[in-house]
Amino acid sequence: MELLPGEEWRARAGRLWGSLGPARREGLVRARSPRETLRLAAPLLGSAEERSLRRLSRRLSVRKEPRLAEPCRQEGNRRFRAGEHRAAAALYSRALSHAEAGSPEMATCYANRSAALFHLGQFEVCLEDIGRAQQMGSCPEKLLPKIQLRRAECLLSLGRLQEAADTLRRVQESLSAEQRPEAARHRALLGRLQQVRDGGGEESGAFHRPSAAPGQVPPDPEPWEESSRVSGASVAVSLRFSSCKGRHLVAAEDLPPGKLLVREAAFASVLCPGESLLLEGTAQALQDGRLANPDLHCHHCLRPLLASVPCRGCSYSRYCGPGCAQLAWSSYHWAECALGGLLLALGVFCHVALRTVLVAGFAQVKALVTQTQEGGAPVAVAAAEQGARPIPGCEADGRYSGSYRAIFSLLPHTDRHSPGLRFLCGLSVAALCKALEEDAGLEAWITKGAEEEEEEEADAPAGLEVLGEAMLRHVLQLQCNGQAVTALRPSGPEDGPVAGSRQVRLATGLFPALSLLNHSCDPNTSVAFTGRTAEVRALRPIPRGQELFHCYGPHRCRMGAAERRRRLLAQYFFECRCQACLEELQPRDAPEAALFCCPACQSPMQGRGTLRCSGEACNHLAPEEDFHRRLLRLRHSTQSASELLEQGKPGRALELLQKCQLDAQRFLSPAHLRMGEIEDHLAQVYAVTGRWQEAAGHLRRSLRAVEAHFGPASVEAGQEAFKLAQVLFNGRLASEALQAVQRAEAVLWVHLGPESSQLQELRDMRVCLEEELLRTAPAAAAQLL
């Protein structure tokens, strides 16, 4: 619910809505435009509502509070000692965002973060933090030899031998008699330096995977030619318009699987803060040690953070470097910085709406708002590319660009939203406008934007009225047109033998070209994100002229047609009639029934309600609810086994999982997802104990179940193949590992894009495996390479 205003503010707005007289409520119910809704809602923002928001904003304060730096740093120290170096770096960054500039605390945070970065193999970034700690001028004396020795280790690891030698010489001059640990470490580094100079050095086995530097971008594996007619889209697609489908994209040529079709940066995007911060308040959430999106990703480009640069004004916004910090400040953060607590209280949709108008600039916002108020629509004057009718959102020459016009043209569906939601959004935008009145910088921004217009009409609406109407329009648009920016996040311990992952909602953004794709429950494209850039690829062969479809969330592999249609109608206001829904709604046996096996003879069960064995000589009958009860018990037992493994009790977890496996085999097909889940958990247990062959066997069975349910080209199958590749790699089974790597690469490249961390890891594994096979088994290598 962090996309909409917080629970307390929603409740306050709900009580106000309930207290309205019939006339006022009827007026709001009948409002059919953002302008009319805001005009009626704004006067109802009373002093009690303003006090409520001020209280919420104080609880979600983003001011810098130096007192919070120490507990954050101590939690970072605890995570560092536990070997959780990535989490430790994030917590040191959290402490830095509160530390007083130039203070010893700030210098200590930089020094501590450099240690975490060193253990992560991020030597260049580690050197930057060491430099920052030294430049403070307030770095505690006892830390200086440690960070200088760390600097020497980084330089040695990077092959910068002369700089390492100079650093070690300076360290030797500064060491005192009491610093015995540092002296021992100094002697060890001198020995290592001499060993490298003599041509020795550390041996690197064929299966060693080097750490990638942050921001390292692999070469693009395919050419990219952008369309001259649709900004952010490939020349291989065309824009079309019809009265029933609206704007949509079609294939301009036959498209192979994996073909890159759209590459587009968000017009505006905002990180989701995480529910713990909203529920607990800023101070409590900072000190409980849990990490969320604001700790792990740049607030401008959304790329993963290792060593963030804090905002100069608030403690919330953090950036991957000075470049992103400056871009954010000049584009929008100059206005948002002082509003941080209020924006958290009002929710991500309000924040995206504000950021959208700030990025667009007042002149563009006012031009389109005025055009709409005069009864016009943001459509092209000239016809679109096929020479037919104008397409909404296009420029005067018929080109669909990634401009504010394209964003503004997205439908807000004002009359389809419930009156209560419209009132909540209108009241929230009114509160945001009230806060903006107090910003002198905003007045200058509006004045500058107005000066860019050739004429200023006498009866033109006031600046804040324009911004308010545009922002409410965007808040209502986001319900249907806001795109969830997702990222894969590791699950389980950092140093686990097999790296699991889960997809999380990272941010919400507005993407003009991506919004052109209509929905299908069985889409022919996949969408992946690299930071704030979306990439759309063909999932399967798409013939010329076929429409491109994206899945808005409800997918045929994850829920039934009735549930999918209910969700789509509730959020997107359309009744899905895609091919998958139409086919599934035809009367037939329940698809899951065939995945249940007869307890008597193991033949597939058939039917609904009361299931019948399909075996000719059996005809066993059993209520379907009995199978579902057994499934539920199996799920609870599997979860218990997973918890035992997390608690470091693999023996007990194995015992419970083996019982689950035996029970499941009595009534489930090997293709049932629950069977696959049990096999996956068994693989985790065997991997933890280093029994790689057994782990690989269970993962292969899990992969077969996943492929049966989701398909061999699905992202789920790719993730399972990735785990299989890791297990085989760790077990030094080079030939089998290379086949698994190639299989995982082929699938995940389509779904995640070439810059994903998993693809980078697979590339590293493939290079090591190819070298190993060429050295030890050239015949096998010739077949696989």
Spell out, as yes or no, whether a donor-acceptor pair under 3.5 Å connects the side chain of [X] to the backbone of [Y].
X	Y	answer
Lys64	Cys311	yes
Asn481	Leu410	no
Ser409	Ala406	yes
Gln483	Leu514	no
Ser97	Ser315	yes
Thr372	Leu368	yes
Ser418	Leu421	yes
Ser756	Leu752	no

Show the nearest heavy-atom pair for residues [X] and [Y], with the distance to one decimal.
X	Y	result
Leu38	Ala430	CD1-N, 4.0 Å
Ala292	Pro273	CB-O, 3.7 Å
Gly531	Leu302	C-CB, 3.7 Å
Val62	Leu344	CG1-CD1, 3.9 Å
Cys480	Gln571	SG-O, 3.3 Å
Ala41	Leu427	O-CD1, 3.7 Å

I'd like to check the side-chain hydrogen bond (donor to acceptor under 3.5 Å, both in side chains) partners of [X]; sequence neighbours left out, ordered by chain and number.
X	value
Arg63	Ser61
Ser515	none
Asp295	Arg94, Arg318
Arg79	Glu75, Glu84

Assess the residue pair Gln364 and Val357 against the criterion (side-chain contact (heavy atoms from CB on, under 4.5 Å)); give the C-alpha distance rounded to whole Å, side-chain angles, the decisive distance to 0.1 Å, and a yes or no. CA-CA 9 Å; Gln364 289 191 68; Val357 297; over 6 Å; no
Is there a side-chain contact between [X] and [Y], using heavy atoms and a 4.5 Å cut-off?
X	Y	answer
Ser428	Val475	no
Leu3	Val348	yes
Leu346	Leu53	yes
Trp17	Leu424	no
Leu464	Glu437	yes
Leu40	Arg24	no
Leu354	Val359	no
Met106	Glu100	no

Any pair counted as salt bridge (Lys or Arg N to Asp or Glu O under 4.0 Å), so long as it reaches residues 330-358, sequence neighbours left out: Glu336-Arg355
Salt bridge (Lys or Arg N to Asp or Glu O under 4.0 Å) partners of residues 415-436, not counting sequence neighbours, each pair once: none
Applying ring-ring contact (aromatic ring centres under 6.0 Å, His included), name anything that partners [X], two or more places apart in sequence or on another chain.
X	result
His98	none
His413	Phe573
Trp9	none
Phe511	Phe529

Which value, rounded to the nearest 0.5 Å, describes the distance between [X] atom [atom1] and [Y] atom [atom2]?
X	Y	atom1	atom2	answer
Leu91	Leu96	CG	CG	11.0 Å
Arg473	Ile407	CZ	CD1	11.0 Å
Arg303	Cys298	CZ	SG	10.0 Å
Leu516	Glu264	CG	CD	8.0 Å
Ile130	Arg113	CD1	CZ	12.0 Å
Ser114	Gln122	OG	CD	13.0 Å

Who are the side chain to side chain contact (heavy atoms under 4.5 Å, CB included) partners of Ser331, not counting sequence neighbours? none
Step by step, would you call Val429 with Cys433 a side-chain contact (heavy atoms from CB on, under 4.5 Å)? CA-CA 6 Å; Val429 169; Cys433 288; 4.2 Å; yes
List the steps and the verdict of salt bridge (Lys or Arg N to Asp or Glu O under 4.0 Å) for Arg10 and Glu7. CA-CA 5 Å; Arg10 290 200 309 273; Glu7 183 177 350; 5.0 Å; no
Give the ring-plane orientation class for His119 versus Phe80, where under 30° counts as parallel, over 60° as perpendicular and anything between as tilted. perpendicular
For a side-chain contact (heavy atoms from CB on, under 4.5 Å) check, start with the C-alpha distance between Leu436 and Leu339, then their side-chain angles and the critical distance, and finish with the verdict. CA-CA 9 Å; Leu436 288 169; Leu339 300 174; 3.6 Å; yes
Determine, for Glu128 against Arg132, whether the closest basic-nitrogen to carboxylate-oxygen distance falls under 4.0 angstrom. yes
Does the pair Tyr332 and His351 meet the rule for a side chain to side chain donor-acceptor pair (under 3.5 Å), with working shown? CA-CA 11 Å; Tyr332 52 82; His351 197 165; over 6 Å; no
Go through the steps to decide whether Leu305 and Leu296 satisfy the test side-chain contact (heavy atoms from CB on, under 4.5 Å), and finish with yes or no. CA-CA 5 Å; Leu305 279 178; Leu296 303 173; 5.8 Å; no
Report yes or no: is the cationic atom of Arg73 (NZ for Lys, CZ for Arg) closer than 6.0 Å to the six-membered ring centre of Tyr92, at no more than 45° off its axis? no
Testing the 3.5 Å rule here: is there a donor-acceptor pair between the side chains of Glu395 and Ser403? yes
I would like to know whether Tyr404 and His474 meet ring pair (Phe, Tyr, Trp, His ring centres under 6.0 Å); could you show each step before the answer? CA-CA 11 Å; Tyr404 182 64; His474 297 321; 5.5 Å; yes
In short, ring-ring contact (aromatic ring centres under 6.0 Å, His included) pairs touching residues 305-326 with sequence neighbours left out are His299-Tyr316
